[in-house]
Number of protein chains: 2
Amino acid sequence: MSIPTLEEVARAAGVSRATASRVVNGSPSVRVEARESVERAVAQLGYVPNRISRSLVTRRVDSIGVVIAEPTGRIFGDPFFAEVLRGISAGLAARQMQLVLVISQSPEEERRAARYLTGGHVEGVILFSLHGDDGLPEYLQSNGVPVVVGGEPPRGTRVSYVDNDNHGGAFAAVKHLIEQGRTRIATITGPLDMPAGVTRRLGYHDALRAAGRTPDADLEESGEFTREGGQRSMEVLLQRCPDIDAVFAASDLMAAGALSALYAAGRRVPEDVAVVGFDDSIIALSTQPALSSVHQSMEVMGRELVSVLLQTVDARDHVLRRVVLETELIVRQSSGGPQTGKN
Amino acid sequence: MSIPTLEEVARAAGVSRATASRVVNGSPSVRVEARESVERAVAQLGYVPNRISRSLVTRRVDSIGVVIAEPTGRIFGDPFFAEVLRGISAGLAARQMQLVLVISQSPEEERRAARYLTGGHVEGVILFSLHGDDGLPEYLQSNGVPVVVGGEPPRGTRVSYVDNDNHGGAFAAVKHLIEQGRTRIATITGPLDMPAGVTRRLGYHDALRAAGRTPDADLEESGEFTREGGQRSMEVLLQRCPDIDAVFAASDLMAAGALSALYAAGRRVPEDVAVVGFDDSIIALSTQPALSSVHQSMEVMGRELVSVLLQTVDARDHVLRRVVLETELIVRQSSGGPQTGKN
DNA sequence: CTGAAAGCGCTTACAG
DNA sequence: CTGAAAGCGCTTACAG
């Protein structure tokens, strides 16, 4: 009735606890008879090892934590996160580790989460979409918890990370719009307290400057990485500068919102206004017209994050590891690509 | 450098490990001097209790698992889940427990998750959107893990659950459409291997029968609870029965998809076809026109799930607990409600 | 109010 | 190949 322990398995199998443990952990140095006897007892009693106890002695735990520093609304609205989680999960599979997603939506819940993560429950943690001065990575590290950040960490934070080439991607997108002959290129930025928001905006600026143009603050609006934000920003931009003929949105979700606003305003895409997004998520293929976008594989990022984290865990060192993944511009119909936008 | 233990705190504070433990756990029976000395040591050493060790002796753990039995794509596409998670998190706050979301996307990952959940990491688990013959609830229970299911569990599964009144909600929706004078009322069902899908369909049938009508299989199509599924189903229904003048979709997301299909087919909503959804999620307010929908509070469901789970955990009994939450039809523009659909 | 001691369920040198 | 024993970091009767 109650949950069986190794002790009981050993007794039922007529061996010592040590031998039972060896069998359960697949040690090769156990006689067949003993092994089979233990296996029979395990099956009969329905024994499941208590990982908590095991952790205490092995000082290893079979899971890693993933923290996404966003209100659940955004986490669950953006396909970005689903993709990255898929990648992390795939990367973990080979190591038989469990992904544990920790959600916190208020300062109090954040403290609870911090306590959980430093309490020995996870081997290390992957942090996502950090804002401004989030102290979590430093707190965790100072408590001996290995940390890797997905995306560029806030300035001045000494922490390993895996990032996409946000600058290069934004640069390529805007360069493409310039080459299409567009002259009034606006941008809908991400939140400027997030490095990804800042860096993509910088790529936009640098591409303009590289073509001998001067960035114009009137052509910029922040869309908070949400669909609604993108739509609102586009409305504001059209109001302020009716002559806009192109827009670079720092995420696909915002680009989708911008498309709605352009449609509502009677502008044709791409004839009147060309649009390029960022992420190249499934959204890019479901918009009308299909969305040109900067491709980045969040699934690959997930795998890399796991790889970097486990390297750090295994090495037990304090080496800072950085990985920057390439991005690539995919041109579709929304910026003048062919009608039947096969990727 | 290395992580300090209670032992070291005790030594630094000049007390026994027992006293240090009492202070850390807020026991009242400790002299002030001792307390302050320990608190100083804790602060100075940066001591964080190892919850794993604590769990081993208290036989309690500070987290509960939440399993959503869906591919991440769907989890992250439907606001439904975000809401319910918010409710669970809120319900947990009072108990200082951590929500741990366990994601599995393949049979292998499912086995890993099952091992994790039975390994002593969680106090109990909340299971979501179970399909057909999922054996997880029974497996967990037989391994001593308290379980509560969100939504109606598969037939024949003896497990506690919290459900919404799916039948009553669907019945009210269809009754409303009949009262609006609609004569060819179609339905886009959820997956029929999920109880919620089956029960909402039954509510649709029963409302028709209560009005003396006979359900017509040609007017039913399954939409898999996704936006795309809803759109596709609506297209099929229109093709098959061009005279449809109303549709009850078993989720808002599917209703939104249906709206797109109706729009593309040139049907006016509600003039030509009235539409009612189910969930009353944020989607219902963001569609054009605003969507009539059966309201259910997923946040309340989340809180109830926590409450039922913790009751079971505290009681350590095998009592089956069931809670059914009311649903309420909210009439908006898509089925003839007022233009400026407040609420 | 406080400490010595037992014990939670497991793994792993160590000796045989 | 196997078992007795120590120990992981903590809590908690128990005795004082």
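Chain letters run A, B, ... following the sequence lines, proteins first and then strands; every chain starts at 1.
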Legend entry - Residue whose closest nucleotide on DNA chain D lies nearer the 5' end, A/A18 versus A/T58: A/A18
Legend entry - Candidates C/dC10, D/dT2, C/dT2 - which lies nearest the side chain of A/A34: D/dT2
Inset, instruction - Give B/R51 one of three labels, base, sugar-phosphate or nothing, depending on what nucleic acid heavy atoms sit under 4.0 Å from its own. - result: nothing
Inset, instruction - Take the protein atom CD of B/E8 and the nucleotide atom C1' of D/dC8, then report the distance between them rounded to whole Å. - result: 13 Å
Inset, instruction - Sort out the partner of C/dA13 for me: Watson-Crick or G-U wobble, both distances under 3.5 Å, none otherwise. - result: none
Legend entry - Among C/dT11, D/dG9, C/dG9, the nucleotide that comes nearest once only the side chain of A/S21 is considered: C/dT11
Inset, instruction - Please evaluate the base of C/dG3 for a donor-acceptor partner in the side chain of B/R22 within a cut-off of under 3.5 Å? - result: yes
Legend entry - Candidates C/dG3, C/dC8, C/dT11 - which lies nearest the side chain of B/R59: C/dC8
Legend entry - Residue A/T19, side-chain atoms from C-beta onward, closest of C/dG7, D/dT2, C/dC10: D/dT2
Inset, instruction - Determine the contact category for B/S29: base if any of its heavy atoms lies under 4.0 Å from a base atom, sugar-phosphate if only primed atoms, P, OP1 or OP2 are that close, otherwise nothing. - result: base
Legend entry - Spacing between B/L56 atom CG and D/dG7 atom P, to the nearest angstrom: 17 Å
Inset, instruction - Might you work through the side-chain contact (heavy atoms from CB on, under 4.5 Å) test for A/Y139 and A/T118, ending with a clear yes or no? - result: CA-CA 9 Å; A/Y139 174 76; A/T118 52; 3.5 Å; yes
Inset, instruction - Walk me through it: do A/E8 and A/T5 pass the test side-chain contact (heavy atoms from CB on, under 4.5 Å)? - result: CA-CA 5 Å; A/E8 302 173 50; A/T5 67; 3.5 Å; yes
Inset, instruction - Measure from the side-chain heavy atoms of A/S16 and tell me the nearest of D/dC10, C/dT11, D/dG3. - result: D/dG3
Legend entry - Worked check of side-chain contact (heavy atoms from CB on, under 4.5 Å) between A/F225 and A/M194: CA-CA 10 Å; A/F225 281 150; A/M194 289 181 69; 4.2 Å; yes
Inset, instruction - Could you check how far CD of B/E36 sits from C1' of C/dC1, rounded to whole Å? - result: 15 Å
Inset, instruction - Check the distance between C/dG7's P and B/L6's CG and give it to me in whole angstrom. - result: 20 Å
